[in-house]
Amino acid sequence: MKKRSRSTEVILSTDSINVVYQESLIALQNVSLDIPAAKLTAILGPSGCGKTTLLKVIAGLIKPTSGSVKVRGKEIEGPGPDRALVFQDFALLPWATVLQNVGFGLRARGVPKKERDETSLHYIKEVGLLGFEDKYPHQLSGGMRQRTGLARALTINSDILLMDEPFSAVDEQMRRKLQEDLLNLLKVENKTVIFVTHSIEEAVYLADQVIILSGRPGSVAEIVYPKIDRTGEIDLIRRQPGYIDLVDEIWSSLKKYVE
Amino acid sequence: MQKSPFWSLIFWAGVWEFVGQMQWMTLLPPLSGIWFAFAELFQQSAFWDAFIMTARTFGIGLSLSIVVGIPIGILMGISSRADKILSVWVNLFLSAPITAVIPALMPILGIADATVIATVILFSIWVVIIDTQAGVTHVKDSLVEMGKIFGCSRSKIIFWIVIPSAMPEIITGIRLSVVRAVKGVIVGQIVIALIGFGGLFSTYLSYFLMERFWALIIVVFIMSFTIIGLVEMLERRIAFYAKSR
């Protein structure tokens with residue numbers, strides 16, 4: 001009945017990651033995780049718990065003080081084409097159009113312009129931005145900017161999509177719309193998604209696996225597997241029995257870390 | 001016309017004319033007399049020689065400031081070692097009275113173009129360096145991380161992300177350096193007092209050719225304002241960068 005079952009291949013794993021800043025400030029402590037392929041994993045925790053640090057370690061932007069990240073069993077040495085990142089602040093080039101921003105990753109790889117534009121347009125259409133390809137970021141709403149960031153991440157066709165609080169910089173209604181669109185998009189694109197969020201509802205709504213980090217120093221407090229059926233109508237997800245219960249359950253276990 | 005300085009200019013021109021006609025000061029001829037001096041000035045080959053020499057030294061000095069200043073600023077922005085070595089000097093010269101250095105340049109570089117060019121550079125390069133560095137250090141971290149995520153090499157990150165991001169500050173630096181270069185080219189010639197407009201000024205003063213002296217001052221002012229106005233216009237065209245960040 002459920003398409004997203006728990007027993008699948010592990011695509012990415014972290015092995016006892018520690019991140020220590022300035023010899024005393026421990027950001028992450030002994031974080032070991034298995035990320036299942038083609039699933040949505042949410043990293044949830046109070047602010048300052050090292051969620052974003054963990055995601056950046058996985059992305060290869062931060063070198064852990066000790067421990068390792070493996071993709072399909074192979075240790076990473078930095079950012080790689082198997083992982084794309086969607087940024088919290090969108091990280092769009094203000095002097096470049098939507099088309100140029102979306103094509104940035106391909107340009108960096110030396111893909112010729114014609115092919116680059118074709119691929120970019122395909123994903124611009126997929127995220128619902130067709131007609132805006134010649135606009136500049138400052139001419140777009142927050143939601144549209146994040147769609148641009150998402151399209152850029154999709155162009156390089158990596159198996160793993162990392163998202164750092166992707167919907168936190170947009171308003172509530174836009175957030176819901178983007179969440180729905182993400183679920184719809186993932187029905188077409190076969191991706192492993194790891195996203196950081198501080199919203200319990202967002203984690204339960206989107207994720208197959210919710211990793212709860214404790215407060216400083218960040219370590220894995222609990223892993224929850226929401227048994228939410230997302231195969232049917234997207235509008236019905238929040239009405240499912242167990243949805244609210246799970247939100248409450250996560251809140252009660254998270255509460256003690258929130259000061 | 002609401003905020004135009006036009007009426008203010010007319011008023012003060014009137015005051016000048018009145019004071020000049022009264023002949024209270026021998027150094028200040030009436031403004032109407034200066035009008036005729038313009039025609040005389042433009043007929044003199046000495047004026048055009050000075051004009052060409054000024055344009056040449058200004059152009060060479062400013063170009064060198066920009067071409068050398070921007071890479072130094074970028075280097076100081078991306079390398080903390082370069083910053084440590086150079087920032088003391090840049091900040092020292094940024095606020096130092098450069099005019100005092102010109103007499104020391106003369107015996108080294110000679111009483112010719114080279115000294116004026118050096119003066120222009122000393123006036124204008126520091127602000128280019130400082131502003132470029134500020135632009136480079138304020139590039140958003142997430143943009144640099146974005147470059148890394150998509151596999152950009154260090155040079156691609158610098159040329160595709162860091163330099164375009166720093167463009168508004170670089171343009172501001174160039175505008176300020178043009179203003180300073182205008183001052184530098186005139187101050188340099190005046191201190192040397194034997195070449196270019198500086199030579200003309202001291203000649204006119206020593207022969208009491210006050211109409212020509214004032215006409216030349218007005219010409220120099222108009223030239224400065226024209227150049228600065230052009231640069232500001234250019235900056236406004238690129239201003240969309242800044243507001244969109």
Side-chain angles (χ1 to χ4, degrees), chain A residues 52-53 55-63 76-97 100-111 116 135-140 145 148-149 152-158 160-166 169, chain B residues 66 70 73-74 77-80 84 128 131-175 231-245:
Chain A
T52 294
T53 307
L55 195 76
K56 284 184 177 173
V57 168
I58 292 171
L61 290 170
I62 296 176
K63 252 193 144 50
I76 64 156
E77 278 167 17
D82 45 11
R83 286 152 290 142
L85 178 61
V86 176
F87 290 82
Q88 183 177 7
D89 69 351
F90 322 128
L92 300 177
L93 305 174
W95 58 86
T97 61
Q100 291 165 335
N101 267 299
V102 172
F104 185 88
L106 296 171
R107 186 172 165 224
R109 293 178 167 196
V111 175
R116 196 165 76 210
K135 293 270 185 283
Y136 289 90
H138 68 96
Q139 297 171 302
L140 303 177
R145 288 182 204 181
T148 309
R152 179 180 59 194
L154 291 172
T155 55
I156 60 165
N157 206 14
S158 57
I160 304 168
L161 194 60
L162 310 173
M163 304 174 101
D164 182 13
E165 302 202 22
Chain B
I66 293 169
I70 291 174
I74 292 169
I78 57 180
S79 149
S80 57
K84 270 181 204 142
V128 178
D131 278 22
T132 304
Q133 185 194 14
V136 168
T137 46
H138 290 142
V139 173
K140 279 206 310 208
D141 290 340
S142 66
L143 284 183
V144 176
E145 286 179 345
M146 191 275 290
K148 286 181 186 162
I149 282 289
F150 289 108
C152 286
S153 60
R154 195 169 156 82
S155 66
K156 274 183 187 165
I157 288 178
I158 290 170
F159 284 102
W160 289 4
I161 294 173
V162 173
I163 294 176
S165 287
M167 226 38 186
E169 283 88 351
I170 294 177
I171 299 286
T172 305
I174 291 175
R175 174 171 60 83
V231 174
E232 278 173 354
M233 220 166 71
L234 208 72
E235 194 190 19
R236 248 174 277 138
R237 300 191 97 183
I238 312 173
F240 80 93
Y241 266 138
K243 70 163 183 265
S244 59
R245 284 199 303 175

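Lettering of chains follows the sequences in order, A, B, ..., and the numbering in each one begins at 1.
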Q) Which one, A:Gly60, A:Gly80, A:Pro79, A:Ser158, leads in non-hydrogen pairs under 4.5 Å with chain B? A) A:Pro79
Q: Tell me, for A:Ile156 versus chain B, whether the close heavy atoms (under 4.5 Å) come from the side chain, the backbone, both or neither.
A: side chain
Q) Between A:Gln88, A:Lys56, A:Arg83, which shows the greatest number of heavy-atom pairs under 4.5 Å with chain B? A) A:Lys56
Q) Only one of B:Asp141, B:Ile149, B:Val144 forms a side-chain contact (heavy atoms from CB on, under 4.5 Å) with A:Leu61, so which one is it? A) B:Ile149
Q) Taking only residues two or more places apart in sequence or in another chain, which ones pass side-chain contact (heavy atoms from CB on, under 4.5 Å) with A:Ala153? A) A:Ala84, A:Val86, A:Leu161
**Q.** side-chain contact (heavy atoms from CB on, under 4.5 Å) involving A:Asp82 - partner list, sequence neighbours excluded
**A.** A:Val71
Q.
Applying side-chain contact (heavy atoms from CB on, under 4.5 Å), can you list everything that pairs with B:Asp131, at least two apart in sequence or on another chain?
A. B:Val127, B:Thr172, B:Leu176
**Q.** Positions in residues 151-160 of chain B that reach chain A, provided some heavy atom is under 4.5 Å away
**A.** B:Cys152, B:Lys156, B:Trp160
**Q.** Minimal non-hydrogen separation, A:Trp95 against B:Ile161, with atom names
**A.** CH2-O, 3.5 Å
**Q.** Separation between CG of A:Asn101 and CE of B:Met146, rounded to the nearest 0.5 Å
**A.** 6.5 Å
Q. Using non-hydrogen atoms only, which part of A:Leu162 is less than 4.5 Å away from chain B: side chain, backbone, both, or neither?
A. neither
Q: Report the distance from atom CG of A:Leu106 to atom CZ of B:Phe150, rounding to the nearest 0.5 Å.
A: 8.5 Å
Q.
If I compare all heavy atoms of B:Ser142 with all of A:Asp89, which pair ends up nearest, and what's the gap?
A. OG-OD2, 2.8 Å
